[in-house]
Structures are given as structure tokens and as C-alpha cells.
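The shown structure was predicted, so the numbers you read here are calculated from the model rather than taken from an experiment.
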Amino acid sequence: GGSLIDATVATAAVIGVVEPAMSGPGGDGFLMFYDAESDRVHGVNATGPAPSGATREFYVDHGGIPMKGILSVSIPGIVDGWLLAHERFGKLPLSDVFAPAIELCERGFPVSHRLSNSLVPEHERFSSDPHTAAIYEPNGRPLEPGEMLIQRNLANTFRKIAEKGRAAFYEGDIARQIAEFSRANEGLITESHLASFHARWDEPIHTDYHGHRVYEMPPNSSGHILLQELNIVECFDLASLGCCTAESIHLMVEAKKLAFADREAYVADPDHLDIPIEGLLSKSYARERAEQIDLARSKQDVSAGLPEAHEDTTCFTVADGRGNAACVLQSIQSGFGSSRIAGETGILLNNRMTYWHLDPAHPDCLQPGKRVRHTMNPV
């Protein structure tokens, strides 16, 4: 009885429960979906910014951005993205949408070999923290295959979100607990940071490739890379090179080098930087870049052009019988994110701050309130 978005948000929440190393309510991401009735593609940007105290100077003074711990955490954005999409296109009440995730949290599920293996390297961190030890090491060791992973605190968090929506997570009791945990551990996230964050609708970008229109999320996603690559290889007779031959792989790798060089030079948070996205995606610019490809030789030094004007990410797709479809990427960055659970919330926090650069000349240099450049790009 629900809609495509009901199914999408329900799936997103469940995946965050059963694949805790990869995503969850403490992370961020992008949602993109096609509405068959209006024949439109919609995008939701649910990536959180750096906290207001997260200055470049602060991290330089602290020896850089740590891979783990509370100082690796940026504002979690994915929950507001789920709710923003549901508010506009959902039909079922949130209590129904989050019910499967809540049930899996409370009743538990048997740990897979893969999840068990991923817990082992976290043993030192998880065992030394009472909040993570109680969940992932209830018997004083990492959970083994077949043992049940139960997350009652996370169930309570989902139940609060289902009852009060955005306010519960970003302005209410959950926000208070996250902020108190951050403060107690000398982190930078405050209640005001959480309250001021809002996911937003973004217009997807696209290109046409041999009669197919391909959509991606715009910056701060790196979705332009695939579109640039398609434009570049369209300048060649890719089919004649054969599927997975050395020649066809070579061409695609060379196209990828050119697109990534442009990403490094031009792409960051569009609220803080003018990004020449139309130029990057133009067919004429693709032809210019394609001229740099030698089909017989690998290019060693790749520079940006001049366009005009691991287990850390989850991707899933949802489709229905009416022709609607969704593609979602959500992540807590690297495996188990920051490896810190925010107090009694059950929320495993991200370590997205590790994506920032500290070089002041780099377009993706850390700045408070700015959103980091993301590799995530639903297509």
C-alpha cells in the first residue's frame, strides 16, 4: 500500500541496521529517483557539513584529521534526506516505514561471516568503549558468525524518528545526546549545528550517450565523472574494440584519468565555489579531452582541462510496477565510520571529515559549514 519512496526509505533504514560497517543514521548520502507520472528525475542531497569549529587551523594544530574518533565526525545528514523524500512522496506513516528496521534492531539478526570478519579489526576500539562493547562484543569478544546482533538503543532512536520526524533527530532528545557525547569526548558537534542542518532537493545533471539519457547527482557529488567519461568514450568506436579487451579497457581508463583530473581541479561544495559544470559536461569539451587519448599508449601525466563557464558505501536500487525507480547511496565513510556510538542513541557516527584537504590552495580545503566533496554518486 505504500509508494516507491516508502520502500526506498524502509530499505535504507534496514540496510543501516544489518550492514553497520557501511551506512546508517549516523552517516550521509544522496537519493535520486524517477517519477514516471511526471517523467522527472528528482535528487536529494543529504550530505552534512563540517561543524562550525572544524577549521583548517584547528586540525593542523592537532596533527591532521584523524581517521577514527569524535574529531573525524561531520554532521549526519542521511536521516533528514530520508524524511525530506518521504514528506513529498511517501504514503505510509513513518511508523510503518521504520517498522522492519525497528524489528531487526530489537529481535536481532544472525551475524554473517563477512560482518563477523569486519568486527575483528575493530576489537581494540570497540572493547574499550562501553557503548560499542555492549553491542558488538557482548561476550567480551567480537560477535561470531551465527550469533545475534541486537541493537535496542538504535531501535529506540528509530522509534523516536517515526513518532516525531526530523525534530526528534535534529532538534530533540537524539540531537541532545549526540551533542552531549561529542562534548564529553572533546568533539565539535553541538545541538545548534544539528538544528541548523537541512537536507535539500538538488536538480540532477545528465548527458545523452548513444540515445540513452544518464542522470547523476550534481556537486558536491562526483557524479559528473561518469557523465564526462561517457562523453569522452562516445568520441571513439568503443564497440569495435570488443568487450573487456585490453584496447577497450585502455580507452576507458584513459577517459577516467581525464575526468578525475577535472574533478580534482574544479569540484567541491557548489555553495562555496563556482563549478563549471555545463562546460565539464559539454560535448565539445569532451572532444577536446578525447584528443589527448592515445589508443596505443598510457598517459602518465594528466592535467585538468579548461572547461567553459572498500566497505564504506552502500548503493541500492528500488523499482515498482508503475515505472518508478530510485537509486540511493548512503555511507558512514570508511568501515564502521568513526567507530564511536553516540551514547545511548545506538547511532554509529561517520568519519566523513577524513575526506577534507588541509591545503589552502585546494578547492576542497576544509571550511566550517562547508560540505566535503563526495565520491558517492547515484546514477
For this session: Take Ser221 and Glu216, measure what side chain to side chain donor-acceptor pair (under 3.5 Å) needs, and give me the verdict at the end.
Result: CA-CA 9 Å; Ser221 167; Glu216 280 272 12; 4.9 Å; no
Exercise. Can you check whether Phe58 and His62 have ring centres sitting under 6.0 Å from each other?
Worked result: yes
For this session: Answer yes when Glu234 and Arg287 have at least one side-chain N-carboxylate O distance shorter than 4.0 Å, and no when they do not.
Result: no
For this session: Is it possible for you to check whether Arg88 lies under 6.0 Å from the centre of the six-membered ring of Trp201, through NZ or CZ, and within 45° of that ring's axis?
Result: yes
For this session: Output the distance between atom OG (Ser74) and atom CG (Asn350), rounded to the nearest 0.5 Å.
Result: 4.0 Å
For this session: Would you kindly check if the NZ (Lys) or CZ (Arg) of Arg352 is within the cone defined by 45 degrees around the ring axis of Tyr355 and under 6.0 Å from the six-membered ring centre?
Result: yes
Exercise. Would you say Asn231's side chain and Gln228's backbone share a donor-acceptor pair under 3.5 angstrom?
Worked result: no
Exercise. Is it true that Arg56 and Asp359 make a salt bridge, defined as a side-chain N closer than 4.0 Å to a carboxylate O?
Worked result: no
Exercise. Under 3.5 Å, side chain of Ser248 to main-chain N/O of Cys243, donor-acceptor pair present?
Worked result: no
Exercise. Looking at Asp129 and Arg340, does any basic side-chain N land under 4.0 Å from a carboxylate oxygen?
Worked result: yes
Problem set entry | Main-chain N/O of Asp269 paired with Lys370 side-chain donor or acceptor, under 3.5 Å | no
For this session: Would you mind reporting whether Pro49 and Phe197 have side-chain heavy atoms less than 4.5 Å apart?
Result: yes
Exercise. Would you call Arg213-Asp208 a salt bridge at under 4.0 Å N-O?
Worked result: yes
For this session: Indicate yes or no for a side-chain donor-acceptor contact from Ser196 to the backbone of Ser192 under 3.5 Å, with no hydrogens or angles considered.
Result: yes
For this session: Determine whether Phe336 and Ser118 make a side-chain contact, defined as any pair of heavy atoms from C-beta on separated by less than 4.5 Å.
Result: yes
Exercise. Does the distance from a Lys or Arg side-chain N to an Asp or Glu carboxylate O, for Arg373 and Glu264, drop under 4.0 Å?
Worked result: yes
Exercise. Are any of the side-chain nitrogens in Glu180 or Arg176 under 4.0 Å away from the carboxylate oxygens of its partner?
Worked result: yes
